[in-house]
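Each remark here refers to the structure printed beneath this line.
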Amino acid sequence: MTEKFIMAGDTALHVCDSQKGERCLVLLHGYLESMLVWEEFVPLLYKHVRVVTLDLPGHGISEVKGEVHTMEYLADTVAAMLDKLGIERCTIVGHSMGGYVALAFCEKYPERLDGLVLLSSTPNPDSPEKLERRRREIALVKAGKKELMARIVPAAGFAADHRAAMQDYIDDLTETIHITEDDGIVALLGGMMLRKDQNEMLRSSKVPQLFILGRKDEYIPLEVAEAMVAAHPQAKVVWLANSGHMGFIEEPQACADALLDFVGVKHGEEAGKDEA
């Protein structure tokens, strides 16, 4: 993996690129994360496909641009990154907030997509309750109290019965929140609050779609996930039986296999048979 800074449009972007492979997966991290969240997952993929990760503007060490980062702006930045890296088409995998960016990308640049993967994410807009929660988070950050979020958010991403075993990951995510710029958190919260209902766009899109969902996800409860699946018969679905919101950490091999199957790349025993 080659790590570097590039200018994606007018935004300084921190990216990592494996550079090799006919097919390309672009992994978009979630809210209060950075590209580092993929660090142990990427090795399950890059022998089979080209893998690109990045710090979305406002998180990690990419630039903060303005007071609100709309999902459309982030999608434009991803498109500019692809141009810079010489990538014409890719499959975008969006985790949580990254899924909202992936949806905006699908709406604006469908011709550049081989596939769209919502990984513990949803095309639904914020409910009134979620909007209110985001307003409270903005107030906390502006009051210099984001450590209150750091105490709760990382652990809540994992299935309850995994949290003890996942403590090292929880500690890493807690540290990520502490070092994330306050302005970046606020900009992304504002952008998520503005996003629209993407259900109809998704249903009418010709882009192949995959949903990867955790049955123990507390952010997308099972009944919400099941309703989403029922509303989108055009999408393939993979359920991670033992995962919360962080399936690529909780069940990494199952998650990687789902992605490689979706992009049509031989892997594991299949690839071994061909090589034998």
Would you sort out whether Gln19 and Tyr46 count as a side chain to side chain donor-acceptor pair (under 3.5 Å), showing the intermediate values?
-> CA-CA 9 Å; Gln19 299 181 304; Tyr46 66 49; over 6 Å; no

Carefully, step by step, assess Tyr100 and Ser121 under the rule side chain to side chain contact (heavy atoms under 4.5 Å, CB included).
-> CA-CA 7 Å; Tyr100 309 153; Ser121 191; 3.6 Å; yes

Transitively linked via ILVMFWY side-chain contacts under 4.5 Å: Val49 with Leu54?
-> no

Look at Arg50 together with Asp17 and state whether they make a salt bridge at an N to O cut-off of under 4.0 Å.
-> yes

If every non-hydrogen atom of Leu45 is compared with every non-hydrogen atom of Ala256, which pair is closest and at what distance?
-> CD2-CB, 3.9 Å

Short side-chain to backbone donor-acceptor contact, Ser205 and Met201, under 3.5 Å = no

Quick check: does any side chain N or O of Gln209 sit under 3.5 Å from a backbone N or O of Leu202, one acting as donor and the other as acceptor?
-> yes

Is it true that the side chains of Glu40 and Tyr169 contain a donor and an acceptor less than 3.5 Å apart?
-> yes

Indicate whether any N or O donor in one side chain lies under 3.5 Å from an N or O acceptor in the other, for Asn199 and Asn124.
-> yes

Output the distance between atom CE (Met71) and atom NZ (Lys108), rounded to the nearest 0.5 Å.
-> 12.5 Å

Any donor-acceptor N/O pair, Thr11 side chain to Leu13 backbone, under 3.5 Å = no

Atom CD of Glu67 with >12 non-hydrogen neighbours under 6.0 angstrom = no

Look only at the side chain of Ser62 and the backbone of Asp55, and say whether a donor-acceptor pair between them is shorter than 3.5 Å.
-> yes

Verdict with reasoning, Val15 to Thr53, per side chain to side chain contact (heavy atoms under 4.5 Å, CB included) = CA-CA 6 Å; Val15 304; Thr53 62; over 6 Å; no

Exactly one candidate in Arg135, Lys130, Arg134 meets side-chain hydrogen bond (donor to acceptor under 3.5 Å, both in side chains) with Glu132; the answer is Arg135

Could you check Leu194 against Val68 for side chain to side chain contact (heavy atoms under 4.5 Å, CB included), going step by step and ending with a plain yes or no?
-> CA-CA 9 Å; Leu194 289 174; Val68 176; 3.9 Å; yes

Drop me the distance from Met149's CE to Glu137's CD, to the nearest 0.5 angstrom.
-> 4.5 Å

For Ile61 and Phe5, which heavy atoms make the closest approach, and how far apart are they?
-> O-CE2, 3.4 Å

If you draw a 6.0 Å radius around CD in Glu39, do more than 12 non-hydrogen atoms from other residues or ligands fall strictly inside?
-> no

May I ask you to decide if His267's main-chain N or O and His48's side chain share a donor-acceptor pair within less than 3.5 Å?
-> no

Closest heavy-atom pair and its distance - Leu240, Ala254 = CD2-CB, 3.9 Å

Side chain to side chain, Leu189 and Tyr31, heavy atoms closer than 4.5 Å = yes

Non-hydrogen atoms of Ala80 and Gly9 that approach each other most closely | CB-N, 3.4 Å

List in chain and number order the residues that pass side chain to side chain contact (heavy atoms under 4.5 Å, CB included) with Pro252, two or more places apart in sequence or in another chain; answer none if no residue qualifies.
-> Phe41, Leu44

Is there a chain of hydrophobic side chains (I, L, V, M, F, W, Y, each step under 4.5 Å between heavy atoms) that links Met228 to Phe262?
-> no

Arg195 pairs by side-chain contact (heavy atoms from CB on, under 4.5 Å) with which of Thr70, Asp126, Leu103?
-> Asp126

Are Val263 and Leu82 in one and the same hydrophobic cluster, where Ile, Leu, Val, Met, Phe, Trp and Tyr link if side-chain heavy atoms are under 4.5 Å apart?
-> no

How far does OG1 of Thr77 sit from CD of Glu63, to the nearest 0.5 angstrom?
-> 9.5 Å

Do Glu107 and Lys196 pass the salt bridge (charged side-chain N to carboxylate O under 4.0 Å, His left out) test, and can you show the C-alpha distance, the side-chain angles, and the key distance before you say yes or no?
-> CA-CA 11 Å; Glu107 183 175 43; Lys196 58 191 174 183; 3.2 Å; yes

Spatial distance of atom NE2 (His69) from atom CG (Asp183) [nearest 0.5 Å] | 9.0 Å

State the CG-CG distance between Leu210 and Asp261, to the nearest 0.5 angstrom.
-> 9.5 Å

May I ask you to decide whether Lys65 forms a salt bridge with Asp10, counting only side-chain N to carboxylate O separations under 4.0 Å?
-> yes

Smallest heavy-atom separation, Gly66 atom then Ala187 atom, equals O-CB, 3.9 Å

Enclosure of Glu22 CD (heavy-atom neighbours >12, cutoff 6.0 Å) | no

Validation row: Asp197, Pro123 side chains within 4.5 angstrom (heavy atoms) | no

Identify the heavy atoms of His59 and Leu32 that sit nearest to each other, and give their distance.
-> NE2-N, 2.8 Å

Side chain to side chain donor-acceptor pair (under 3.5 Å) against Tyr219, all qualifying residues, sequence neighbours excluded | none

By side chain to side chain contact (heavy atoms under 4.5 Å, CB included), which residues pair with Glu3, not counting sequence neighbours?
-> His14, Cys16

Connected via hydrophobic side-chain network under 4.5 Å: Ile6 and Val101 = yes

May I ask you to decide if Thr180's main-chain N or O and Lys146's side chain share a donor-acceptor pair within less than 3.5 Å?
-> yes

What residues form a salt bridge (charged side-chain N to carboxylate O under 4.0 Å, His left out) with Asp161, not counting sequence neighbours?
-> Lys216

Within the distance-only criterion (no hydrogens, no angle test), does the side chain of His29 pair as donor or acceptor with the backbone N or O of Leu56 below 3.5 angstrom?
-> yes

Single-linkage hydrophobic cluster Phe105~Val52, side-chain heavy atoms < 4.5 angstrom | yes

Verdict with supporting geometry, Val37 and His95, side chain to side chain contact (heavy atoms under 4.5 Å, CB included) | CA-CA 10 Å; Val37 80; His95 174 241; 5.8 Å; no

In this structure, CG of Leu25 is separated from CD1 of Ile92 (nearest 0.5 Å) by 10.5 Å

Aromatic centroids of His162 and Phe158 separated by under 6.0 Å = no

Contacts under 3.5 angstrom, residues 110-120 side chains, donor-acceptor by atom type, not counting sequence neighbours:
unit_1, atom_1, unit_2, atom_2, d
Arg112, NE, Glu88, O, 3.2
Arg112, NH1, Asp83, OD1, 2.7
Arg112, NH2, Asp83, OD1, 3.0
Arg112, NH2, Ile87, O, 2.8
Asp114, OD1, Arg89, NE, 2.8
Asp114, OD1, Arg89, NH2, 3.1
Ser120, OG, His245, O, 3.3

Return yes if some donor-acceptor pair links the side-chain N/O of Ser18 with the main-chain N/O of Met1 below 3.5 Å, else return no.
-> no

Is Glu250 reaching over with its side chain to a backbone N or O of Gly244, donor-acceptor style, under 3.5 angstrom?
-> yes

Name all pairs fulfilling the ring-ring contact (aromatic ring centres under 6.0 Å, His included) condition that reach into residues 192-211, sequence neighbours left out, sorted by first residue then second.
-> Phe211-His232

